[in-house]
A.B. asks: 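Before anything else, here's the structure in question.
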Amino acid sequence: MTQKGPPVCNLISVQIQLLRDGLRCWLREYWGANSIMKFKEHTRQVRNMVLEKFKAGLGYKKISQALNISRSTVQSIIRKWKEYGTTGNLPGQGRPPKLTGRTRRSLIREAAKRPMVTLDEMQRATAQVGETVHRTTISRALHKCGLYGRVARRKPLLKENHKKSRLQFARSHVEDTANMWKKVLWSDETKIELFGHNAKRYAWRRNNTAHHSENTIPTVKYGGGSIMLWGCFSSAGTGKLVKVDGKMDGAKYRAILEENLLESAKDLRLGRRFTFQQDNDPKHKARATMEWFKKKNIHVLEWPSQSPDLNPIENLWQDLKTAVHKRSPSNLTELELFCKEEWARISVTRCAKLVETYPKRLAAVIAAKGGSTKY
């Protein structure tokens with residue numbers, strides 16, 4: 001005689017109940033224990049009556065009809081009694097959250113809408129709705145949703161016309177060949193301060209020794225002086241690096257180009273048909289300067305304003321400043337000497353890699369619809 005299996009309707013009922021229980025647990029975890037989605041809970045007396053009728057031999061359906069509660073609730077109460085030997089509430093896994101689900105979601109929306117909002121502002125907002133919590137509690141709630149406080153990056157202000165010109169530049173050059181970019185001579189100016197490098201430095205120290213001289217970085221007012229440099233490079237390496245004496249104007253800029261541009265192109269073996277890159281600084285775009293380029297038969301790359309992220313020489317400036325300040329120059333003469341030495345030490349591989357990956361910069365601008373990129 002074969003043993004009969006459980007009825008199909010019972011199996012379906014159990015599966016439905018498991019789905020309901022899983023959904024209920026998920027909703028409780030998502031919305032929070034104190035949210036408006038909290039489920040109604042039966043009293044201990046009602047749960048004991050369910051258990052008494054079950055022990056008396058009544059089925060789920062009859063218990064449900066007798067007590068006017070759903071059959072799934074009856075099943076849940078009995079299953080809990082079988083597993084844990086009680087119909088009462090089980091001990092919680094920790095202290096109830098201080099923030100209600102509604103307030104937590106409100107904080108997350110506020111942080112997503114206003115990324116610059118401070119923890120103090122959110123703390124005051126929660127206090128206004130009657131929930132006084134510590135700033136750390138708010139921080140943890142945001143962390144659980146993947147929101148973390150980070151230092152905001154400084155980027156040039158981009159107006160709509162800037163974004164439009166950046167996007168047009170990227171789209172017009174994204175298909176250019178690698179050989180085209182190898183024929184570009186990139187240029188820019190930068191200012192380097194004697195004690196002005198802002199990179200973070202860490203020191204191993206004991207408590208209450210933060211202000212000991214060996215644990216501090218010496219600084220002087222206004223950075224201790226600075227120098228202005230003009231430089232250029234291509235995929236073949238670095239070109240000339242020149243210190244700018246006094247204030248840079250159109251005449252001084254043209255003198256620098258006259259003495260260094262063609263010589264750099266010759267040293268880097270760019271040939272006669274190379275492209276020169278410069279930004280849209282007024283002295284760069286002055287009529288006399290543009291006439292000088294025309295006279296010398298030098299093709300100048302059309303450049304979108306407010307686009308330092310599109311100029312790979314910015315990466316070399318950062319490399320240069322880091323290397324120079326590691327050597328701790330003590331005066332402006334040493335600063336200039338160290339700059340020229342470290343500029344000459346920048347490898348051809350580094351330069352070539354920056355130019356080789358240039359299409360990625362253009363793709364990033366297109367993806368950002370002309371907005372700021374990570375470069």
Side-chain angles (χ1 to χ4, degrees), residues 26-37 95-171 174 188 190-191 196-202 217 279-280 303-315 317-319 321-322 357-375:
W26 181 85
L27 286 172
R28 281 177 178 164
E29 182 178 357
Y30 182 80
W31 293 106
N34 298 324
S35 72
I36 59 175
M37 294 295 293
R95 187 181 68 178
K98 296 282 288 184
L99 288 171
T100 63
R102 176 178 292 180
T103 303
R104 186 175 63 253
R105 293 192 299 276
S106 175
L107 291 172
I108 294 169
R109 286 195 301 269
E110 182 67 13
K113 183 179 179 181
R114 293 199 303 143
M116 298 294 181
V117 65
T118 65
L119 286 175
D120 288 334
E121 290 175 329
M122 289 190 282
Q123 187 181 35
R124 287 193 293 269
T126 57
Q128 290 176 357
V129 296
E131 297 182 32
T132 304
V133 296
H134 195 271
R135 296 166 70 247
T136 307
T137 302
I138 299 174
S139 181
R140 280 198 296 262
L142 297 177
H143 290 174
K144 289 181 180 179
C145 292
L147 295 173
Y148 297 90
R150 296 290 185 264
V151 178
R153 303 292 178 87
R154 295 186 178 274
K155 293 287 185 178
L157 175 63
L158 294 176
K159 298 180 180 179
E160 286 304 316
N161 60 319
H162 296 141
K163 294 180 181 179
K164 186 177 180 180
S165 62
R166 284 164 55 84
L167 187 58
Q168 183 179 355
F169 175 85
R171 285 175 173 171
V174 71
D188 195 19
T190 190
K191 183 177 75 170
H197 198 52
N198 293 322
K200 289 184 178 180
R201 296 289 299 276
Y202 294 89
I217 300 174
D279 60 30
N280 293 334
W303 193 252
S305 299
Q306 298 289 81
S307 301
D309 56 337
L310 285 174
N311 192 348
I313 201 172
E314 297 292 341
N315 299 78
W317 289 145
Q318 185 62 37
D319 294 348
K321 292 174 182 179
T322 301
T357 58
Y358 194 72
K360 292 183 179 180
R361 294 177 187 254
L362 301 177
V365 171
I366 295 173
K369 297 181 180 180
S372 298
T373 66
K374 67 178 182 179
Y375 293 98

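Nothing here was measured: the structure is a model prediction, and the numbers come from that model.
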A.B. asks: Looking at Asp279 and Asp188, would you say the former's side chain and the latter's main chain have a donor-acceptor pair under 3.5 Å?
C.D. replies: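 No; judged by distance alone, with no hydrogens or angles, the pair does not exist.
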A.B. asks: Would a distance-only check, ignoring hydrogens and angles, find a side-chain to backbone donor-acceptor pair under 3.5 Å from Lys163 to Ala368?
C.D. replies: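 Such a contact is absent between Lys163 side chain and Ala368 backbone.
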A.B. asks: Of all the heavy-atom pairs spanning Glu314 and Pro308, show the shortest one and how long it is.
C.D. replies: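 That closest heavy-atom pairing would be CG-O, 3.3 Å.
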A.B. asks: Salt bridge or not between Arg114 and Glu110? Use side-chain N to carboxylate O under 4.0 Å.
C.D. replies: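 Answer for the salt bridge query: yes.
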A.B. asks: Shortest non-hydrogen contact from Gly371 to Arg166?
C.D. replies: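 That closest heavy-atom pairing would be O-NH2, 2.8 Å.
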A.B. asks: With sequence neighbours excluded, tell me which residues meet side chain to side chain contact (heavy atoms under 4.5 Å, CB included) with Asn161.
C.D. replies: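 Asn161: side chain to side chain contact (heavy atoms under 4.5 Å, CB included) contacts with Lys159.
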A.B. asks: Output the distance between atom CG (Leu362) and atom OG1 (Thr373), rounded to the nearest 0.5 Å.
C.D. replies: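 Here the rounded value is 10.0 Å.
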A.B. asks: Looking at SG of Cys145 and CZ of Arg109, how far apart are the two atoms once the value is rounded to the nearest 0.5 Å?
C.D. replies: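 Rounded to the nearest 0.5 Å, the SG-CZ separation comes to 11.5 Å.
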A.B. asks: Could you grab the distance from atom CD1 of Ile366 to atom CZ of Phe169, nearest 0.5 Å is fine?
C.D. replies: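 Atom-to-atom, Ile366:CD1 and Phe169:CZ are 10.5 Å apart.
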A.B. asks: Less than 3.5 Å apart, which donor and acceptor atoms pair up between the side chains of residues 122-131 and the rest of the protein, not counting sequence neighbours?
C.D. replies:
from, atom 1, to, atom 2, distance (Å)
Gln123, NE2, Val133, O, 3.0
Thr126, OG1, Met122, O, 3.4
Thr126, OG1, Gln123, O, 2.7
Thr126, OG1, Glu131, O, 3.4
Glu131, OE1, Thr100, N, 3.2
Glu131, OE1, Thr103, OG1, 3.3
Glu131, OE2, Thr100, OG1, 2.9
Glu131, OE2, Thr103, OG1, 2.6

A.B. asks: CG/Leu99 to CD1/Ile138 distance, rounded to the nearest 0.5 angstrom?
C.D. replies: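 Answer rounded to 0.5 Å: 6.5 Å.
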A.B. asks: May I ask you to decide whether Arg361 forms a salt bridge with Asp309, counting only side-chain N to carboxylate O separations under 4.0 Å?
C.D. replies: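 No.
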A.B. asks: Using 30° and 60° as the class boundaries, would you call the ring planes of His143 and Tyr148 parallel, tilted or perpendicular?
C.D. replies: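 His143 and Tyr148: parallel rings.
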A.B. asks: Rounded to the nearest 0.5 Å, how far apart are OG1 of Thr137 and CG of Leu142?
C.D. replies: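 If I round to the nearest 0.5 Å, the distance is 11.0 Å.
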A.B. asks: Is the NZ atom of Lys369 crowded by more than 12 outside heavy atoms at less than 6.0 Å?
C.D. replies: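 Check fails, neighbour count at 12 or below.
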A.B. asks: Testing the basics here: between Lys155 and Ser372, what is the closest heavy-atom pair and its distance to 0.1 Å?
C.D. replies: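 Closest approach of Lys155 to Ser372: CB-OG, 3.8 Å.
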A.B. asks: So which atom in Leu119 and which in Ser139 form the shortest heavy-atom distance, rounded to 0.1 Å?
C.D. replies: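 Closest approach of Leu119 to Ser139: CD2-N, 4.2 Å.
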A.B. asks: More than 12 heavy atoms of other residues, nucleotides or ligands under 6.0 Å from CD of Glu121: yes or no?
C.D. replies: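 Enclosed.
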A.B. asks: Measure the OG-CG distance between Ser305 and Leu158 for me, rounded to the nearest 0.5 Å.
C.D. replies: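 Going from OG on Ser305 over to CG on Leu158, the span is 10.0 Å.
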A.B. asks: Would Val365 and Tyr375 count as a side chain to side chain contact (heavy atoms under 4.5 Å, CB included) here? Give the steps.
C.D. replies: CA-CA 10 Å; Val365 171; Tyr375 293 98; over 6 Å; no
